[in-house]
Amino acid sequence: MNNTILKVSGLSMHFGGIQALKQLDLEVNRGEIVALIGPNGAGKTTFFNCVTGIYNPTEGDVILHTLQGKTSRLNGLKPNKVTEKGMARTFQNIRLFQSMTVLENVMIGRHCRTHSFILGAILRTPGNRQEEQAIIERSHEILEIVGLADEVDNYARNLSYGAQRRLEIARALATDPSLLLLDEPAAGMNPQETQELVQLILRLRDQGYSILLIEHDMKLVMTLSNRIYVMDYGEKIAQGTPEEIQSNPVVIKAYLGEDLDA
Amino acid sequence: MISFEELKRSFLVSLWFVFLTFPILVIKANPIERTIIWRWENMFFVAIGSFVLSILIRVVNTQKTKRLERRSASDSDTTTSEPLIQVILQNPRYLYPLAGAVTVFALVFPYLFDTYQTNIMTTALMYVVLGLGLNIVVGMAGLLDLGFVAFYAVGAYSYALLNAHFGIGFWMALPIGALFAASFGIILGFPVLRLRGDYLAIVTLGFGEIIRLILENWNEFSQGPSGISNIPRPGMFGIELSLEAAILYIYYIMVALVIVTIFVVNRLQDSRLGRAWIALREDEIACQAMGIDKTKTKLTAFALGATWAGMMGVIFAAKTTFINPASFTFLESAIILSIVVLGGMGSILGVIVGALVLILLPEYLRALSDYRMLAFGAILVVMMIFKPQGIISNVRRTYKYQKQKSGDVQ
Ligand SMILES: Nc1ncnc2c1ncn2[C@@H]1O[C@H](COP(=O)(O)OP(=O)(O)OP(=O)(O)O)[C@@H](O)[C@H]1O
Ligand SMILES: [Mg+2]
């Protein structure tokens, strides 16, 4: 089992009377791209929120085995602790720090891997300067990976939609995650941008990141994913390879509705 | 240029203003002779004045939107021309000589002007530091704090009481007052960690009032509304200074403290911690999801902001030699907040200019006697209409990327 990165078992989430997640099990293995799909309101984003500590799940376990070989239970931890443990995410509705520059947005991601505090900031000791310089350099490297190196000093709010989504990925990468969670990374992108995104995700996989992504663009999902999980009404209704999912009658029914099925 | 529709609207605006100001500006009752004087000419002035102003605002606004449209139409390049002030700020070749000149001016100020002016300038400098302190909380971390004066009071009473009971001197009290205020910042911070925006504003407002009410009512502790008098001015190596010399001395202490504050706040702003504050302001959820400890970041903002207020409290007590709770009302918090907002949230230079304008302007508007507060209010309103982002808006620094030592300057 040392091949598993993320193991979620029996995850449930209630909002008052609404059961947004019902006994969900999910696994991501090392070096895999896994997709989580389902109709609108199926609970995909809620799943991400529960796993990353933004919501506290009602039931269930979330276990992360990092690349560094550490195992930690994530449920009940605060979001910043989850990120520290080695899992980072992007948001469906872009949540960049709009009035900061592109570079600074990525530098924020380095926060949990660096230490300087009040005194370090005021005195600017050599150690502190080195750390700061390392943050800047690492952030630049990451921006080069996602193809935003030309925009470093631009404000995040001035970027195009597609570039903002890539900046979100860059910011997440800056936290040195073992597992990357992407919530609809291609939403609002044109075909050209989507194509670049596919290349980026594949490159990241080759660099050793494991990726769990939510996406509505079926072509993208089918070309990228090693495995797919399908949710509807908070429940897992299918899992398997792209081929298996494409021909699964339950999935087709969930997506197309009852009447076409009859 | 101006459409009929706009003229009509401005006319309605002026009617509304006439109606609003009618009871105070037109009717004047003379209670002794039991007569009422109708000052119709005032109504005329109000009508004309508000009409002209309203037209003016409309014209400027349409031009502004036109300019914006033109800019977005020709938005091929992102290199928009920057305002002069940003050019100066970002280029050390201009910034350093300018800062040097201002410092020299500040140093010779007492010799150019009389004691009265020096005293006013000392007050203005105190508000510069208070503004920079609150700027950490409101401008950078985005936590709307309406009870900032509480920390100011904590500092002032720390010195007054420590001196009265234990004979602790000014220079000892300065760090102690800062430390007490910082602790109070954390004490306030804990219960309001979950709050944001309006809710935070209301709770902090309440906190400020609680501190004032405690000071007012707990006679055994703070001597209540009668306050504490005979607080010693700062001493220089145990020498008693004359009043004139003491004013001068406090002035120079303030100049030094302002420089220290600017230095420290500037470094904080450009640090890992400063970036975390700004991220917190921009988006709390994303900030946490990026691995920033919200609790720690918020508490340090409250504590560091309060530190400056505490220090200024000590200075205030030493300067006036007498304090009572009436000096620490909500109005004080409001003034400090106005300094931050008017100057430009998050911008250090903006806050400095804001403090000087807001504190010095009412003094120099004294020539207008009765109308000085009116003029002051009008200036604030006009300012917020034309430049809502403050006098000097904050521009993020850029970072040099070379394998050598990066530039530490803005
Ligand atoms: N904080 C909340 N309080 C109450 N209900 C919520 C909350 N968050 C999500 N829900 C509900 O949970 C269900 C799942 O929502 P979720 O956002 O996870 O869907 P999704 O699968 O991400 O949909 P989409 O594809 O549109 O993004 C929805 O019915 C939603 O209304
Ligand atoms: Mg969603």
Side-chain angles (χ1 to χ4, degrees), chain A residues 49 52-54 78-85 88-91 94-101 103-118 120-124 128-129 131-133 135-137 139-140 149 151-156 158 168 171-172 174-177, chain B residues 75 78-80 90 136 140 142 182 260-261 263-297 300-301 303-304 307 345-346 389 393-408:
Chain A
N49 285 341
T52 55
I54 289 178
K78 285 194 181 159
N80 56 303
K81 286 289 166 204
V82 171
T83 307
E84 235 178 273
K85 297 282 183 200
R89 69 172 291 179
T90 66
F91 293 89
I94 295 174
R95 282 179 172 273
L96 288 170
F97 307 119
Q98 300 288 351
S99 70
M100 297 173 95
T101 65
L103 184 68
E104 282 179 314
N105 266 275
V106 184
M107 288 170 79
I108 287 289
R110 296 301 297 159
H111 192 95
C112 59
R113 303 292 171 221
T114 45
H115 308 284
S116 86
F117 205 51
I118 301 172
I122 297 171
L123 300 178
R124 280 208 187 142
N128 184 257
R129 278 161 191 265
E131 187 182 88
E132 188 79 1
Q133 198 55 34
I135 293 175
I136 296 172
E137 275 164 29
S139 304
H140 263 277
E151 304 276 5
V152 278
D153 291 338
N154 206 345
Y155 286 94
N158 293 343
E168 277 227 338
R171 194 176 63 173
T175 65
D176 289 344
Chain B
D75 196 20
T78 42
T79 53
T80 44
Q90 272 154 26
I136 294 178
M140 295 193 208
V260 170
T261 311
F263 176 80
V264 169
V265 173
N266 188 40
R267 286 207 155 177
L268 281 174
Q269 174 171 284
D270 281 343
S271 70
R272 171 177 174 268
L273 184 59
R275 285 192 299 271
W277 285 334
I278 294 167
L280 190 72
R281 176 188 78 195
E282 294 288 301
D283 192 321
E284 214 173 291
I285 289 180
C287 170
Q288 278 185 288
M290 286 307 117
I292 291 171
D293 188 336
K294 185 178 89 173
T295 312
K296 202 166 152 188
T297 310
T300 42
L304 282 176
T307 304
M345 294 235 262
Q389 71 276 40
S393 50
N394 184 30
V395 170
R396 295 303 305 161
R397 65 171 291 201
T398 54
Y399 297 80
K400 292 202 191 78
Y401 174 54
Q402 264 123 31
K403 290 255 168 190
Q404 61 186 26
K405 278 227 166 81
S406 93
D408 295 321

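The chains referred to below are lettered A, B, ... by the order of the sequence lines, with proteins before strands, and numbering in each begins at 1.
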Which atom of [X] lies closest to which atom of [Y], heavy atoms considered:
X	Y	answer
A:Ala121	B:Ser271	CB-CB, 3.3 Å
B:Asp283	A:Phe97	O-CE2, 3.7 Å
B:Ala286	A:Arg171	CB-NH2, 3.9 Å

* With only heavy atoms counted, which part of A:Leu123 is less than 4.5 Å from chain B, the side chain, the backbone, both or neither? ->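 Contact with chain B involves the backbone of A:Leu123 alone.
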* Asked: Between A:Thr52 and chain B, which part of the residue has a heavy atom less than 4.5 Å away: side chain, backbone, both or neither?
  ->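 For A:Thr52, no heavy atom lies under 4.5 Å from chain B.
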Heavy-atom pairs under 4.5 Å with chain B, option from [options] with the top count:
options	value
A:Ala172, A:Ser99, A:Ala88	A:Ser99
A:Thr83, A:Asp153, A:Thr90	A:Thr83
A:Asn105, A:Leu103, A:Ile122	A:Ile122

* To do: Name the region of B:Thr295, side chain, backbone, both or neither, that has any atom closer than 4.5 Å to a heavy atom of chain A.
  =>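 Just its side chain gets close to chain A.
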* To do: Pick whichever of B:Thr300, B:Asp293, B:Ile278 has the most heavy-atom pairs under 4.5 Å with chain A.
  =>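 Top option by heavy-atom pairs under 4.5 Å: B:Asp293.
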* Tell me, out of B:Gln288, B:Lys294, B:Arg281, who's got the most heavy-atom pairs with chain A below 4.5 Å. =>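 Option with the greatest count: B:Gln288.
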Pairwise distance [atom1]([X]) to [atom2]([Y]) - rounded to 0.5 angstrom:
X	Y	atom1	atom2	value
A:Lys78	B:Ile292	NZ	CD1	14.0 Å
A:Glu84	B:Met290	CD	CE	13.5 Å
A:Arg95	B:Ile285	CZ	CD1	4.0 Å
B:Leu280	A:Ile108	CG	CD1	9.5 Å
B:Arg272	A:Met107	CZ	CE	11.5 Å
B:Leu304	A:Ile118	CG	CD1	4.5 Å

* Partner residues of A:Glu131 under the salt bridge (Lys or Arg N to Asp or Glu O under 4.0 Å) criterion, sequence neighbours left out ->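 Residues passing salt bridge (Lys or Arg N to Asp or Glu O under 4.0 Å) with A:Glu131: none at all.
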* Identify, with sequence neighbours excluded, every residue that meets side-chain hydrogen bond (donor to acceptor under 3.5 Å, both in side chains) alongside A:Glu132. =>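 Here the qualifying residues are B:Arg275.
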